[in-house]
Participant: 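Pasting in a structure now, in structure tokens, and then I'll have a few things to ask.
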Protein chains: 2
Amino acid sequence: MSSKPFSSVWLREPRKSAAAPGRSREEIVAAAVELLDQEGLSGLSMRKLGARLGAGATSLYWYVANKDELLELAYDQVWGEIIVPDPDDVGWRDAVSALAYGMRATILRHPWSADLIGRLPALGPNSMRVGDRIRRIFKAAGFQGLDIDFCGSTLTAYVFGMTIPEIAWRTSMGDKDIGQMRDTVREAAAAHPEMLEGVDTLADGDPDTVRRLSFDFGLVSLLDGLERRRAS
Amino acid sequence: MSSKPFSSVWLREPRKSAAAPGRSREEIVAAAVELLDQEGLSGLSMRKLGARLGAGATSLYWYVANKDELLELAYDQVWGEIIVPDPDDVGWRDAVSALAYGMRATILRHPWSADLIGRLPALGPNSMRVGDRIRRIFKAAGFQGLDIDFCGSTLTAYVFGMTIPEIAWRTSMGDKDIGQMRDTVREAAAAHPEMLEGVDTLADGDPDTVRRLSFDFGLVSLLDGLERRRAS
DNA sequence: ACCTGAACACCGTTCAAGT
DNA sequence: ACCTGAACACCGTTCAAGT
């Protein structure tokens, strides 16, 4: 396997800092998120980030053990933007829908985060907060024991699994227009009649709305399925 | 954004090759998959792969335009291992379940593929074949028009969204035992009572079987939800 | 306590040169 | 037609040295 055993920023004691330190971790993370938003995951290098902060490339290692830790920090920042509705206010189905759409929107706002989902440990305070509130929703819906967790995993799996490729399509589209893109896929699908039919069916609509329809279709199906479980 | 507009190996004319060329693309891809299986995505470099083939690092560029193309090729190889059951033999629900479990098993066998899912274009013949047959299943189930595609997207989103983090856990566990891991997560979750409860509930069972239960829970829910859609 | 630059061990890719 | 090595422009990270 590729990755090191296990480690996380959130499990180390942070460095004690004096009253007025030169730079702060918050400042660095904010700059990192900015750079990531602008140039994507591959656009972030320690040297570039250092330069952006008017510092030597290696100064950052005072605040952060390595690049992975920095990414963990930036990643948790994204989770901080997700608002999880209260099931007492809107009922569990509406709460779950709003949450799902909110997660999707947040990821689309920070496309680079899709590259980290499920790959980086999510142990930061913001992801913990979201996880905590997701459990509350499914508890309020009436689920118990392991099922509470299973519901949460199922929901996030769906949202992530749907959004990750969506981002890939959006970014890889680049400047190409829809017609060009369809021809591209048609060519690749040439030997597969079902796929060709699929491409042609999808090609009618505006890609953005088709994606939203698709997201909604799966979400509603999932909610129906969970509801059935809950009742039994 | 980070990535280049759009390009894929599958959209270029392959190089004409003489009767007995020095190396073949197949040989290179096979070696790449082997290296990826052994050392993960970060373990594959053009230099290492070249060395493994007893060639200079840059010889590979004769057969492949760049590393991304090589990954596309290797990725499609993985799709080639997925077998999609025929709905005429087993009925659509069983066909979908078997497919879902098969996809999961294939990804677990090649953990590096999880790092490429949804990030790399999947336009190769093997992924097209799988897509084609997935559409056949949902057509056989009675879905029509856009819904056929929506069903397919929903299913793959679920399987991928569930399996990607599963791999991250497996690899990051490394040599750590379960108790250690649970303490780690407990520490991170300290401030969130719901999460703590979740950790404790999950901690009872063997991780592998809990993951399988979780996968099955979501899959059955999803199937129930789709069935409801189909009926309406 | 914080920051620096040089240095190490890597990358992917290009390209002129070889056979 | 195929392969090579040198070279370029990058990486993340370590570490002795500075203030």
Participant: Which residues satisfy the salt bridge (charged side-chain N to carboxylate O under 4.0 Å, His left out) test with R135(B), sequence neighbours excluded?
Facilitator: E194(A), E197(A), D149(B)
Participant: Taking the side chain of N66(A) as heavy atoms from C-beta outward, which of dT13(C), dT13(D), dC11(C) is closest to it?
Facilitator: dT13(D)
Participant: Nearest whole Å is fine: how far is dC2(C) P from R25(A) CZ?
Facilitator: 13 Å
Participant: Going by the rule side-chain contact (heavy atoms from CB on, under 4.5 Å), which residues pair with A65(B) if we only count those two or more places apart in sequence or in a different chain?
Facilitator: R12(B), E69(B)
Participant: What is the distance, rounded to the nearest whole Å, between atom CD of E69(B) and atom P of dG12(C)?
Facilitator: 15 Å
Participant: My understanding is that only residues two or more places apart in sequence, or in another chain, count here; which of them pass side-chain hydrogen bond (donor to acceptor under 3.5 Å, both in side chains) with R47(B)?
Facilitator: none
Participant: Residues two or more places apart in sequence or in another chain: which of them pass salt bridge (charged side-chain N to carboxylate O under 4.0 Å, His left out) with R211(A)?
Facilitator: E166(A), D208(A)
Participant: With a 6.0 Å cut-off on the ring centroids, do Y101(B) and F215(B) count as close?
Facilitator: yes
Participant: What's the NZ-C1' distance between K48(A) and dG12(D), to the nearest Å?
Facilitator: 14 Å
Participant: Which residues pass the salt bridge (charged side-chain N to carboxylate O under 4.0 Å, His left out) test with D68(B), not counting sequence neighbours?
Facilitator: none
Participant: State which residues pass side-chain contact (heavy atoms from CB on, under 4.5 Å) with A188(B); sequence neighbours excluded, sorted by chain then number.
Facilitator: L11(A), L123(A), M128(A)
Participant: Starting at the 5' end of DNA chain D, what dot-bracket string do you get if Watson-Crick and G-U pairs under 3.5 Å are bracketed, crossing pairs use [ ], other-strand pairs use | and unpaired bases use dots?
Facilitator: ||.|||||...|||||.||
Participant: Listed by chain and number, what are the side-chain hydrogen bond (donor to acceptor under 3.5 Å, both in side chains) partners of H110(A), not counting sequence neighbours?
Facilitator: D37(A), E81(A)
Participant: Within this structure, what is the CH2-to-P distance between W62(B) and dC3(D), rounded to whole angstrom?
Facilitator: 9 Å
Participant: Polar-atom pairs under 3.5 Å, protein N or O versus N or O of nucleotides 4-8 of chain C: list them with distances, or write none.
Facilitator:
residue	atom	partner	partner atom	Å
dT4(C)	OP2	G56(A)	N	2.6
dT4(C)	OP2	S59(A)	OG	2.3
dG5(C)	O6	T58(A)	OG1	2.8

Participant: Restricting to pairs with a member in residues 119-129 of chain A, which pass salt bridge (charged side-chain N to carboxylate O under 4.0 Å, His left out), not counting sequence neighbours?
Facilitator: R119(A)-D115(B)
Participant: Between P on dC10(C) and CD on E39(B), what's the gap in Å once rounded to a whole number?
Facilitator: 12 Å
Participant: Under the side-chain contact (heavy atoms from CB on, under 4.5 Å) test against L44(A), which residue among K67(A), E39(A), Q38(A) passes?
Facilitator: K67(A)
Participant: Check nucleotides 16-19 of chain D for protein N or O atoms closer than 3.5 Å to its own N or O atoms and list the pairs.
Facilitator:
none

Participant: Mind calculating the distance between NZ (K67(B)) and C1' (dG12(C)) to the nearest angstrom?
Facilitator: 8 Å
Participant: Using the test salt bridge (charged side-chain N to carboxylate O under 4.0 Å, His left out), find all partners of D200(A) that sit at least two apart in sequence or belong to another chain.
Facilitator: R186(A)
Participant: Could you check whether L53(B) gets within reach of a base, just the sugar-phosphate, or nothing at all, counting any heavy atom under 4.0 Å?
Facilitator: nothing
Participant: Can you tell me how far P of dC2(C) sits from OH of Y63(A), to the nearest Å?
Facilitator: 6 Å
